[in-house]
Amino acid sequence: MLGLGEGAAGKFVSQRTQEQVRRVTVILTALLVAIFVSIPVYVMIAIAFQPSVTTFRGGQVNLLFDSFTFDNFVLLFTETGTPRYLFNSFVVTASSTLLATALSVAAGYGLTRFEFRGKTMAARAVLFAYMFSPIVLAIPLYVIFFSLGMLDSYFALTLALTGISAPFGIWLMWQYFQTVPIALEESAWIRGASRTRTLWEVVLPVARPGTIATAIFSFSVAWNDFTMARVVMSQQEMYPITVGASLFLDRVSIGWSETMAAAVLMSLPPFAIALFLQNYLLQGFNVGGLE
Amino acid sequence: MSAVSTLQGRLGEFDEKRLLLLAMFVPFTLFFVLVWGVPIGYALGMSLFSDPTGAAEFAFLGNYVDVLTSELFGTALWNSIVYALSSTVLSLVLGLGLALVVNRKIKGGNALRTMMIFPYLLPTLVVIFMWTFLLDPNVGAVNQFLLDYGVIQEPLAFFSSTTWAMPAAIVASVWKYGSFAFFILLARLQAIDPNLYERARVEGASTWQAFRDITIPNLRGAILIIILVRGIWMFNKFDIIYLATRGGPLDATTTLPIMVYELAFLGSPDFGGATALAGIMFLLLAAVAVVYFWAFKPEQEVTT
Amino acid sequence: MERKQFTRRRFIGTAGTTATLGIAGCLGGGDSGENTIRYLSDRGDSSDVVDDIIEEFENEFDYTVEVTYTSRGTSTDEELQQMLAAGNPPDLVFDTSADAYRYQQNGSLATVTSAVQDVGLPDPVNIDGESYFAPTMVEPLMGWYRNDLYEENPTNFETWLSEAQRVSEEEDMNGYVVPTGQTNNADTSTTQYLWQNDVEIYSGPSDDIQITIDQGENRERAVETYQWLQSINEYAPNGSGWEWGDGTQALQQGNAAALMSVGGLPILSIRQNRPDLVDNLSPTGFPIPQGGSQDTWWAYMEGHVVRNDGEATEGAQEFTRFFSESERFLDFVLSAPLFQWPPTEELMNSDQMTENEVLAEHQEAVDLVRDNWDAFTTVLATGDEEAPNLTAANAYSGQLFGQSAEQMLVGSQSPEETVDWVAAELRGLQEEE
């Protein structure tokens, strides 16, 4: 998008002005987006770490950290099932992210490197699943998991979430593997490595940025999930944080402060991941360079 | 290690390849059938019955006719299209712009990247907490800001206004999903061999030419697939709108998924109607997708 | 290649068939057995008390109770539909009397007569002498106004209007709140305004409910009520889609000076966020017409129903009775004082009620509930002589009256058109029954 404006002018304006215009646009965009992204987050944090009396004092909403407290969090940890809900979320998210990423990498590689009839059709068909409104799938899924005796298990929820993220994950990886030149693998084969070993030692490291994108996607599906958990889990002690939070947040005694505290807790793992990925994605530059 | 590989080599290319193929597709197929195939079949089956979860009676296409002829259908279809199109396009524009910015090494680029991935990872529930709070007429910071600067005289109840409810829902959606396009495109951008740009520069190509001839072809597949998948997801998106407005005021934000939900669970539940509507939505999307696949072939291999 | 495709397709087919067979094989046969009572409840906020009662019950009887807590609102209905579709119905459900009557009419409830009649609880769903609903609490509507801005309780329609106008003009805020749309707040209050003005929305016995809101004098009074709503809405913020909590926030942030809500819900939240405001708020009933009296006052009634298609029906009946007689019964009610009230006057006057600190601090609200106890009515009991009214129960669950207010205030229908709209929708509902 940015390229458009500067580019049109590119032929007439000097290289230097072009560069300057570009810099300014880039920085402006970055700044605007930074504000757009961070304001809601700031508001959430401000409310979560202030006593509600301070936040709502005098009929104004005070977001400037006059006083600081952990009370809202303490309440969540002592009077609700939050710790248990968080634990459940961790278990399910981790397992489904791993599973979905592994499946996607495997199938995505298969789609790129093996030719078989109906390949494109099969891959397209997978996407058609997303076209069915998930709201009405809740009842059939419940019936299926009930019949298989799998209600209230991490396993069932992991499967369900993987089912949601894997179809798109495969497309992502398929797209990604197309950018990896087959020459890399061929030279490994020539050196006598097996296909499996080549896959493991040559292809996977090169495919890392794509794998990470897939993992981010699977993580977000799992961590965000509400619907599937409502279908699969009926015991309170098995609820993930999203469903659990919706349980205690509609208590009459719960207000915005506790709500935002819960929101902060739900944001911590995403934040940790974003931080962690920052370094990881950087490595992508080197690997993607393909010496 | 090398002993193992020679052993495998001797077993023959063909068997190993076949084994690999199986390992790649069988688990996925299993999941797929369990989580999508069977439930979709089941739901389509239910759409042919009246009261399918109670005293089921075969109605053939009766539910479909009822849904298609109901007053709400047209409104809901229009709202769905508006919502899906605008949130998809805006997220893509935002995500692409940002991916291009971050891919250049600018100061603070790292922080920006962290910030951008973050919203997408947040549960919808959290996103809704933030935006309903921000846009609330009573406690919302946006209203307080606009009032303080005299832009408005009285707080604006964004989610209660027929004019503003849809744009507000779209803003919240773009906030969350802009990063989806961002991180996918960023991953693809980074996979482009930097030597290509170097060579282009040496040959005297302008930035725009390099963008057009190197960046765009490499991103094409990803962009096309983002439009398709995000479009489908936004068309079927239920939680953001429901949590923010429940489809109101009047029917200003009643999209097809909201209508499905209302049919299925509100008042006197009509699960036959709900599944029939889901079937109709499926057909609509499938028709669009078939044309899309035919016209754009988003899976087409990159040629640089 | 050809073969591969074939295998693939056959595989998918087989998996599908296996799953279907699995479903067929298990339908109707849960793994719970008749000693496990499965309990569906949206009262997660009282789960401490409920869990205690369950523990006592399990110690005394040879049953285990498995609770599924859902969040408030429609999620109980969703969960219930899932369970029914799987042939895995719960034995015990916590629900409103209106829903209880709907299930009873579908033939899916077992009696809880002894848990109601022997304990002396109200008996709103009594069919041929048998009770089908064991109430645990009532939640009456109630209004709150700023006593520092309103000089006194405006009481009637006219004064409310003029006072709301005065407050709006003098203060930098709205005098009143009019919620509209598909919310409980909008639906209950719109219905209550009509009741206040003596509009008979329905008439007739349970098996022959007539829609009378657009007939004769009722029509005039209904139009008048909607007109009043339209006028006072001038002094209210845009309340489309507002649930109880939104009105409370308007009151709390000083954006509105009065609102109609349910029980002490607003005060519970304001006590927490703006304690400085608590003394400035007084409870009130809904506006009444000049010279009229308060004779029908909306109160929710919530409690237990036992389904007859589960496997532990007897156990669930046993538990319902145990719950009704439990010593912790009032603790359950008092987990949200001012919002939830006991189901009988006798319990209202019990020591536990008088000793409760929150209640003691809001004596005015307690008195208001006591004084109007006899006027409390559920939306279900709106047939002739308080006979159960299925149409009213369905109208509530589709929040038709909340929608009618929205048709008028957001969709700019005239009051006359709105009355016709509601009447037509109600008749439409009846056709579906």
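Everything numeric in this text was worked out from a predicted model, so none of it was measured. Values below: all heavy atoms of this structure, side chains included; hydrogens, waters and symmetry mates excluded. Letters A, B, ... mirror the listed sequences (proteins, then strands); counts begin at 1.
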* Polar side-chain atom of B/N236 near backbone of A/Y130 as donor-acceptor pair, under 3.5 Å -> yes

* **N/O donor-acceptor pair under 3.5 Å between A/W223 side chain and B/L122 backbone** => no

Can you check whether A/F168 and B/F180 have ring centres sitting under 6.0 Å from each other? yes

Next on the checklist: In this structure, is the centre-to-centre distance between the rings of B/W233 and A/F217 below 6.0 Å?
Outcome noted: yes

Of the listed B/L44, B/T215, B/I225, the one with the largest count of heavy-atom pairs under 4.5 Å with chain A is B/I225

Check each atom of [X] against the heavy atoms of chain A and say whether the ones under 4.5 Å are side chain, backbone, both or neither.
| X | value |
| --- | --- |
| B/W36 | side chain |
| B/V139 | both |
| B/L277 | neither |
| B/F32 | side chain |
| B/V127 | neither |
| B/A43 | both |
| B/F271 | side chain |
| B/Y120 | both |
| B/P119 | side chain |

When rounded to the nearest 0.5 Å, the distance separating CG of B/D148 from CD of A/Q60 is 6.5 Å

Distance col, row B/T275:OG1 vs A/I135:CD1, nearest 0.5 angstrom, shows 12.0 Å

